[in-house]
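Just so you know, these numbers come straight off a predicted model, no measurement behind them. Start at 1 and go down the list; that is how both ligands and their atoms are numbered. All residue numbers refer to positions in the sequence shown, counting from 1.
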Amino acid sequence: MTLSYYKEELKKTATSLASSGKGILAVDESTKTIGKRLASINVENTEQNRKSYRGLLFTTAGLEEFISGAILFEETLYQDHIDGESMVKKLEGRGIIPGIKVDKGLRPLAGGLNVETFCSGLDGLIERASDYYAQGARFAKWRAVLQITSDGCPSKLSIRENAWGLARYARSVQESGLVPIIEPEILMDGSHDIYKTAQVQEEVIKEVYLACGQNGVYLEGSLLKPSMTVQGAGCNNKEDPEEIAAMTIRTMERAVPAAVPGIVFLSGGLSEEAASVYLNLMNKIVRKANWNIGFSYGRALQHSCLKAWNGKNVPAGQKALLARAQANSEASKGCYIAGSQPSSDEALFIAGYKY
Ligand code: 13P
């Protein structure tokens with residue numbers, strides 16, 4: 001099969017994922033990363049515990065009202081729930097579209113500056129994507145990471161290489177029927193101001209879409225997953241939420257083609273409440289393009305849930321997840337009232353965070 005065979009389906013899937021009032025639950029933490037999350041509540045990182053936790057998420061009653069898709073790690077795509085039914089079936093049964101993280105992680109970028117990386121996983125990707133499709137996945141994610149430093153990162157080389165990798169990935173998975181979520185994350189590490197972030201992010205996203213054009217990526221069957229345009233975590237000048245929302249929309253309007261059906265933000269270490277408040281404000285701004293502005297949060301959807309579950313209390317975990325899913329659903333329509341749902345203000349940013 002080829003991209004032209006899947007075109008209509010890709011467009012339909014991308015549009016459903018980015019439908020108004022719904023967002024994506026990112027549950028694609030690698031085994032090492034989920035281990036860190038489980039360790040924070042003193043739960044051992046065993047397959048059984050990962051299965052219990054993720055099973056809790058996928059069986060939350062009413063989740064489908066707010067969540068259109070879930071990004072899985074490979075283990076989960078092939079895993080059964082503790083009741084014997086597959087995790088994929090659990091999601092499909094609720095009308096939640098299963099997706100899969102397909103990148104193989106970050107590697108040092110030879111010729112780049114100190115902290116720079118590229119994202120690996122292109123070898124055999126068309127074939128892997130086709131296996132994932134057969135297993136039920138309908139979309140994919142690939143996360144490239146750039147960092148702003150006082151000594152010149154991101155370099156032109158890293159911007160070009162990461163943009164090219166994202167575009168090669170996007171085209172490759174479209175050949176196998178998966179909608180690519182294109183994720184060029186700008187880390188919050190650093191003490192730069194919001195204007196520096198905006199300038200770098202605009203350059204990066206423009207380069208991504210230049211590469212997408214050169215690779216023939218079908219934009220109507222793709223989604224963008226950027227970080228929000230915020231100052232560095234170490235910057236003394238903390239912008240107010242209205243300015244963050246305005247700068248983020250300005251950056252998107254300058255760089256994202258109108259053919260892309262949706263922009264689903266990552267939370268990137270923002271607190272649960274901040275991730276909802278910024279999203280809500282963005283959705284109050286009259287925009288030049290018609291993309292759906294939604295969410296694809298990992299930490300900002302799961303933090304309170306993980307704590308409430310604490311390894312045993314399933315109903316409390318599900319209640320906390322549903323509260324954040326509802327809050328972000330409202331925020332994606334611009335009608336979230338800050339504090340109306342239980343949330344945490346705890347900053348989830350960790351310097352040098354690795355997935
Ligand atoms: P966060 O929302 O925790 O940043 O995770 C989203 C994600 O999928 C990062 O790749």
Side-chain angles (χ1 to χ4, degrees), residues 17-18 23-38 40 53-54 57 66-74 76-77 97-106 117 119-121 137 139-147 162 165-166 169-170 179-189 197 201 204 208 223-230 233 248 262-279 282 293-307 321 324-325 327-328 331-332 343-344 346-355:
L17 284 168
I24 297 171
L25 171 63
V27 201
D28 58 322
E29 302 86 0
S30 64
T31 302
K32 198 167 154 203
T33 302
I34 190 70
K36 293 186 209 165
R37 306 278 164 82
L38 295 174
S40 74
Y53 173 59
R54 287 166 169 162
L57 302 176
F66 313 119
I67 297 294
S68 54
I71 318 175
L72 313 181
F73 191 58
E74 198 180 64
T76 320
L77 187 72
I97 305 172
I100 175 81
K101 169 191 168 79
V102 299
D103 69 69
K104 294 277 185 191
L106 306 176
T117 54
C119 185
S120 65
F139 70 102
K141 166 190 138 170
W142 177 282
R143 175 175 172 265
V145 175
L146 296 115
Q147 192 169 330
N162 280 292
L166 282 163
Y169 137 77
V179 166
I181 292 192
I182 296 175
E183 181 174 355
E185 176 169 4
I186 314 281
L187 293 181
M188 284 186 356
D189 298 66
T197 309
Q201 196 176 22
V204 168
V208 166
L223 297 172
L224 179 70
K225 175 165 171 166
S227 36
M228 294 183 200
T229 310
V230 292
T248 307
I263 301 177
V264 287
F265 286 92
L266 59 88
S267 62
L270 296 171
S271 71
E272 288 179 335
E273 193 61 33
S276 303
V277 167
Y278 299 166
L279 180 63
M282 279 191 259
I293 296 281
F295 60 96
S296 174
Y297 294 159
R299 285 164 281 177
L301 275 170
Q302 293 185 58
H303 180 68
S304 290
C305 165
L306 194 64
K307 280 188 155 175
L321 173 67
R324 289 331 299 157
N328 290 310
S332 70
S343 75
S344 150
E346 190 183 325
L348 304 176
F349 170 76
I350 301 171
Y353 185 79
K354 301 261 184 312
Y355 282 85

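Once rounded to the nearest 0.5 Å, the distance linking CZ of R143 with CG of L106 reads 6.0 Å.
Of the options I24, I100, V102, a side-chain contact (heavy atoms from CB on, under 4.5 Å) to F139 is made by I24 and by none of the others. Partner of Q302 under the side-chain hydrogen bond (donor to acceptor under 3.5 Å, both in side chains) criterion, chosen from E272, E29, R37: E29.
For a threshold of 3.5 Å applied to N or O pairs, the pair formed by G269 and ligand 1 contains no separation below that value.
Ligand 1 lies less than 4.0 angstrom from a heavy atom belonging to K225. The shortest heavy-atom distance from G268 to ligand 1 is under 4.0 Å.
The atoms of ligand 1 that sit less than 4.0 Å from any heavy atom of S296 are 6 (C). Every atom of ligand 1 is numbered from 1 in the order shown, and the set under 4.0 Å from a heavy atom of Y297 is 2 (O). Listed by number with element, the atoms of ligand 1 under 4.0 angstrom from any heavy atom of A26 are 8 (O).
Residue-level proximity to ligand 1 for K141 is carried by the side chain, the only part with a heavy atom below 4.0 angstrom. Contacts between A275 and ligand 1, counted as non-hydrogen atom pairs separated by less than 4.0 Å, are absent for every part of the residue. Counting heavy atoms closer than 4.0 Å to ligand 1, residue R299 contributes atoms from both its backbone and its side chain. With a 4.0 Å heavy-atom cut-off, ligand 1 is reached by the backbone of S267 and by its side chain too.
Without hydrogens or angle criteria, Y278 side chain to M228 main chain gives no donor-acceptor distance under 3.5 Å. At least one donor-acceptor pair closer than 3.5 Å links the side chain of S120 to the backbone N or O of K104.
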Item to check | Audit row: S267, L348, side chain to side chain contact (heavy atoms under 4.5 Å, CB included) steps and yes/no | outcome: CA-CA 9 Å; S267 62; L348 304 176; 5.9 Å; no

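Under the 4.5 Å side-chain criterion, counting only non-hydrogen atoms from C-beta, D103 is in contact with K101.
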